[in-house]
Structures are given as C-alpha cells and as structure tokens.
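Chain letters run A, B, ... following the sequence lines, proteins first and then strands; every chain starts at 1. Every value quoted in this text rests on a predicted model; they were computed, and no experiment measured them.
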Amino acid sequence: MPELPEVEVVRRGLADFTTGRTIDAVEVLHPRPVRRHLAGPDDFIARLKGQVFTAPARRGKYLWLPLASGDAVLTHLGMSGQFRVQPVGAPDEAHLRVRFRFADDLGEVRFVDQRMFGGLSYSEGGAELPGEIAHIARDPFDPLYDAEAAAAALRRRKTGLKRALLDQTVVSGIGNIYADEALWRAKMHYAKATDSLKPLQAREILRHAHEVMAEALGVGGTSFDALYVNVNGESGYFERGLNVYGQEGSPCPRDGRPIRREPFMNRSSFRCPRCQPVPRLARW
DNA sequence: AGGTGGCCCTGACGGC
DNA sequence: TGCCGTCAGGGCCACC
C-alpha cells in the first residue's frame with residue numbers, strides 16, 4: 001500500500017545510499033518486475049553496468065534513480081514492492097527480485113516484491129523526468145504544484161470524487177488510504193459528483209489530502225503489515241493516525257457513529273455514515 | 001476521447 | 001487438517 005508518503009520515505013532512504021555510487025552488477029532473479037523493460041532482463045542488466053547513480057527523485061508514487069549518463073532507472077512499488085539496503089552476503093529475502101551490487105563494498109540495494117505489481121525499467125533520457133510518466137500530474141509536494149489548477153482539473157472531471165482523487169493524471173500520490181482519510185477530514189462522501197464541487201470545496205479536499213500525507217510522512221508512513229517498510233526494514237507509525245481506513249465498526253472520532261466499509265471499485269471505502277452522508281448529486 | 005471495469009499477482013485468512 | 005473462495009489494491013489497457 002505504498003502511497004506518496006511511503007514512497008517518499010523510501011526515496012530519502014535510497015538517497016543516502018545510492019547517490020554517487022557506481023553500479024558493478026545487476027542481478028534479475030525474476031523476470032516479471034522488469035516486464036516494463038521491453039528489451040528484456042539481459043538488456044536491463046547490460047545497460048546498467050558501470051553507471052553512476054545521482055540523487056533519486058519522485059513524482060506521486062513513481063520513484064526514479066537518475067544516472068550520470070542522463071538516463072534513469074524508473075520504478076514503482078506497486079502494492080508490495082520494497083527497496084532494501086543490505087550488507088553484501090546478508091541472506092536473500094523470500095521475494096528478492098532484483099539486486100544491485102556496487103563497485104565498493106558498502107553494501108547492496110535490493111528490490112523485494114511479493115505480489116510483483118511493482119517493477120523497474122530503464123528510461124532513456126529520463127534523469128530529469130522519465131517520458132514514461134510525463135502524463136502523471138504533479139503531486140502536492142512538488143515545488144511547482146499548482147493547487148488552483150489541480151482544483152480546476154478535479155472539477156472538470158465527470159465522475160465521483162474518490163475516483164478522481166485516485167486518478168493520477170489529476171493529482172498524483174493519493175491512494176486508497178489517504179483518499180479515505182482526506183474525505184473524512186473534509187466531511188465529504190466518496191461518490192460526490194466532481195462537477196458539483198464548488199471551487200472552494202475542490203481546494204479543501206485537495207488541501208486535506210496534502211495535509212494528511214504530510215502528517216503520515218512525518219511519522220514514516222503507514223504500515224499495515226510487513227508489506228511496507230523503509231529501506232532499513234522499519235515500519236511507519238501513521239496507522240495510529242488513521243480515522244476511518246481499516247476502522248470498520250469503530251466509532252467515528254468526530255461523532256461516535258460506527259465507521260462503515262463499503263465496496264468501491266473492486267476494493268473498499270471507509271466512511272462515517274453521519275458526517276459523510278450520501279450526497280444529492282452522486283456519481284458512483 | 002473521457003470514463004469505466006477487468007485483470008495481473010501472491011499470501012493470509014475464514015468457512016466448511 | 002486441508003482445500004477453496006475472497007480480499008488486499010497499484011496501474012495498465014481494452015472497450016464503450
């Protein structure tokens with residue numbers, strides 16, 4: 001469940017470890033995580049040998065490791081992807097998929113991914129911004145993020161509010177957890193029609209999304225199970241800060257009504273039936 | 001062409 | 001005890 005805060009924690013962890021280091025060898029232990037690299041695992045490996053990492057970057061939930069050559073390794077953690085830093089010779093993780101060895105002996109970087117929704121690819125000329133993710137909108141933490149423009153984009157959609165929040169071409173970085181938390185904070189229902197939002201309401205829901213993600217980032221992200229940990233294998237603490245997500249049956253912290261879990265887009269939405277009632281203008 | 005739903009993938013868990 | 005269905009949910013992609 002890595003969303004923006006979790007990906008940012010990983011980016012920061014990798015920054016200390018990869019920046020300026022020279023890749024000695026890459027090992028691909030399962031082909032699926034490099035499926036986006038159409039030329040295949042061998043080509044992926046060959047292109048990386050001898051290259052030097054510069055400081056890692058992020059947009060929304062995408063993370064990339066720029067190379068001094070101007071290219072980049074583009075990655076997405078998907079549902080269960082993790083980057084881990086480990087001493088050379090440490091036992092392989094059960095779901096170790098890709099290993100980066102370096103010219104020095106300060107340890108290696110590993111991509112571990114149980115469900116393999118995540119992956120890595122080689123992006124030519126992608127150091128600044130990989131072309132593969134040019135369509136992804138800026139996230140609220142981006143210095144060039146335009147809150148006004150994002151609110152306008154939200155209101156232009158003809159769909160339900162949560163669907164639009166999860167659409168990475170409107171605003172990036174928000175996933176199921178922070179969408180539900182932002183909706184609760186804004187006292188809005190997930191099915192509220194986006195084109196019925198007043199300009200101020202659109203600004204509000206995005207402000208709440210930014211705020212809840214900032215709070216989560218401040219405590220290392222949200223860890224439900226072992227699927228999200230930082231590069232050193234440590235969990236985040238924001239699970240304690242969740243008001244609705246995963247809280248079915250627990251009292252709403254605002255008004256005490258039991259939180260409801262409802263099916264939504266083949267997954268779940270959590271809301272308070274009293275402070276987030278079904279709107280008059282709804283799109284499911 | 002924007003909106004929508006199916007699919008990928010593995011492991012945990014509950015019911016029988 | 002063991003098998004099976006369900007759920008978790010990112011993003012891509014086909015279809016309308």
Side-chain angles (χ1 to χ4, degrees), chain A residues 1-11 29-38 58-64 74-83 93-98 111-121 123 130-137 139 152-183 190-197 209 213 216 221-229 239 242 244-249 260-270 281-284:
Chain A
M1 38 208 82
E3 303 181 26
L4 186 152
E6 293 75 30
V7 179
E8 176 60 16
V9 169
V10 171
R11 190 196 68 78
L29 293 95
H30 195 296
R32 182 158 174 86
V34 295
R35 66 194 175 283
R36 294 260 141 220
H37 188 73
L38 301 178
R58 181 191 55 73
R59 173 174 286 193
K61 303 170 201 169
Y62 282 91
L63 177 64
W64 67 97
L74 175 63
T75 81
H76 197 290
L77 301 177
M79 256 295 287
S80 54
Q82 303 175 353
F83 275 102
E93 290 78 1
H95 304 292
L96 176 62
R97 310 304 186 189
V98 179
F111 183 71
V112 177
D113 191 357
Q114 180 199 99
R115 292 179 200 163
M116 295 190 289
F117 278 27
L120 300 82
S121 62
S123 175
E132 295 87 338
I133 59 165
H135 63 291
I136 299 293
D139 62 66
L154 193 63
R155 295 179 64 234
R156 272 198 302 274
R157 304 303 303 276
K158 295 190 190 306
T159 187
L161 181 52
K162 184 171 171 182
R163 296 186 100 99
L165 292 174
L166 296 177
D167 183 341
Q168 305 297 301
T169 66
V170 176
V171 180
S172 67
I174 304 169
N176 206 34
I177 296 173
Y178 299 116
D180 279 4
E181 292 299 318
L183 288 165
Y190 57 81
K192 183 168 180 60
T194 44
D195 51 356
S196 75
L197 285 167
M213 290 195 292
T222 302
S223 300
F224 267 105
D225 44 33
L227 291 187
Y228 165 70
V229 290
E239 192 184 348
L242 298 176
V244 283
Y245 189 84
Q247 310 299 312
E248 183 180 18
R260 221 175 259 179
R261 181 172 83 87
E262 291 162 334
F264 176 80
M265 289 172 76
N266 287 326
R267 38 192 76 112
S268 293
S269 266
F270 297 87
L281 295 170
R283 287 181 196 271
W284 305 84

task = State which residues pass side chain to side chain contact (heavy atoms under 4.5 Å, CB included) with Arg11(A); sequence neighbours excluded, sorted by chain then number.
result = Glu8(A), Pro56(A), Arg58(A), Leu63(A)
key: Residue list, side chain to side chain contact (heavy atoms under 4.5 Å, CB included) with His37(A), at least two apart or on another chain   = Ala39(A), Asp43(A), Phe44(A), Arg47(A), Ser121(A), Tyr122(A)
message = Using whole Å, what does the distance between atom P of nucleotide dT4(B) and atom NZ of Lys162(A) come to?
response = 15 Å
query = Does dT4(B) have OP1 or OP2 sitting under 4.0 Å from an N or O in the side chain of Thr159(A)?
reply = yes
Do any N or O atoms of the protein come closer than 3.5 Å to N or O atoms of nucleotides 7-11 of chain B, and which pairs are they?
residue	atom	partner	partner atom	Å
dC9(B)	OP1	Arg32(A)	NH1	2.8
dT10(B)	O2	Arg115(A)	NE	3.3
dG11(B)	O4'	Gln114(A)	OE1	3.4

query = What does Arg35(A) touch in the nucleic acid at a heavy-atom separation under 4.0 angstrom: a base, only the sugar-phosphate, or nothing?
reply = nothing
message = Please tell me if Lys61(A) has a side-chain N or O lying less than 4.0 Å from either OP1 or OP2 of dG11(C).
response = yes
inquiry  = With a 4.0 Å limit, can you tell me whether Arg156(A) has a side-chain N or O closer than that to the phosphate oxygens OP1/OP2 of dG2(B)?
reply    = no
key: For Gln168(A), side-chain hydrogen bond (donor to acceptor under 3.5 Å, both in side chains) partners two or more places apart   = none
note = Rounded to whole Å, CG of Asp180(A) lies from C1' of dG10(C) at a distance of 15 Å
Write out a two-atom table: protein N or O, nucleotide N or O from nucleotides 12-16 of chain C, distance below 3.5 Å.
residue	atom	partner	partner atom	Å
dC12(C)	OP1	Tyr62(A)	OH	2.6
dC12(C)	O3'	Arg36(A)	NH2	3.2

inquiry  = Going by side chain to side chain contact (heavy atoms under 4.5 Å, CB included), name the residues that satisfy it together with Ala191(A), two or more places apart in sequence or in a different chain.
reply    = His189(A), Ala282(A), Trp284(A)
ask   = Which whole-number value in Å describes the distance from Leu161(A) CG to dG3(B) P?
value = 14 Å
request  = Report the residues that fulfil side-chain hydrogen bond (donor to acceptor under 3.5 Å, both in side chains) with Ser269(A), sequence neighbours left out, ordered by chain and then residue number.
outcome  = Lys162(A)
request  = Determine whether Leu166(A) and Tyr178(A) make a side-chain contact, defined as any pair of heavy atoms from C-beta on separated by less than 4.5 Å.
outcome  = no
inquiry  = Check whether Glu181(A) reaches the backbone of Val244(A) with its side chain - one donor and one acceptor, N or O, closer than 3.5 Å.
reply    = yes
inquiry  = Output the rounded distance in Å from CG (Leu77(A)) to P (dG11(C)).
reply    = 10 Å
Check: protein-nucleotides 3-5 of chain C nitrogen or oxygen pairs below 3.5 Å:
none

Any Gln168(A) side-chain N or O less than 4.0 Å from OP1/OP2 of dG11(C) = yes
remark   = Sorted by chain and residue number, the salt bridge (Lys or Arg N to Asp or Glu O under 4.0 Å) partners of Arg155(A) (sequence neighbours excluded) come out as none
query = Does OP1 or OP2 of dC7(C) have a side-chain N or O of Ser268(A) closer than 4.0 Å?
reply = no
query = In a check of side-chain contact (heavy atoms from CB on, under 4.5 Å) between Asp139(A) and each of Val7(A), Ile174(A), Leu4(A), which one passes?
reply = Leu4(A)
key: Separation of dT4(B) P from Lys158(A) NZ (nearest whole Å)   = 11 Å
message = Please enumerate all residues that pass salt bridge (Lys or Arg N to Asp or Glu O under 4.0 Å) together with Lys192(A), with sequence neighbours excluded.
response = none
Met79(A) CE to dA12(B) P, straight-line distance once rounded to whole Å = 13 Å
query = Atom CZ of Arg163(A) and atom P of dG5(B): how far apart are they, to the nearest Å?
reply = 5 Å
query = Atom CD1 of Ile174(A) to atom C1' of dG11(C): distance rounded to whole Å?
reply = 16 Å
Residues that Arg261(A) engages under salt bridge (Lys or Arg N to Asp or Glu O under 4.0 Å), provided they are two or more places apart = Glu248(A)
note = Those residues at least two apart in sequence (or on a different chain) that pass salt bridge (Lys or Arg N to Asp or Glu O under 4.0 Å) with Arg32(A) are none
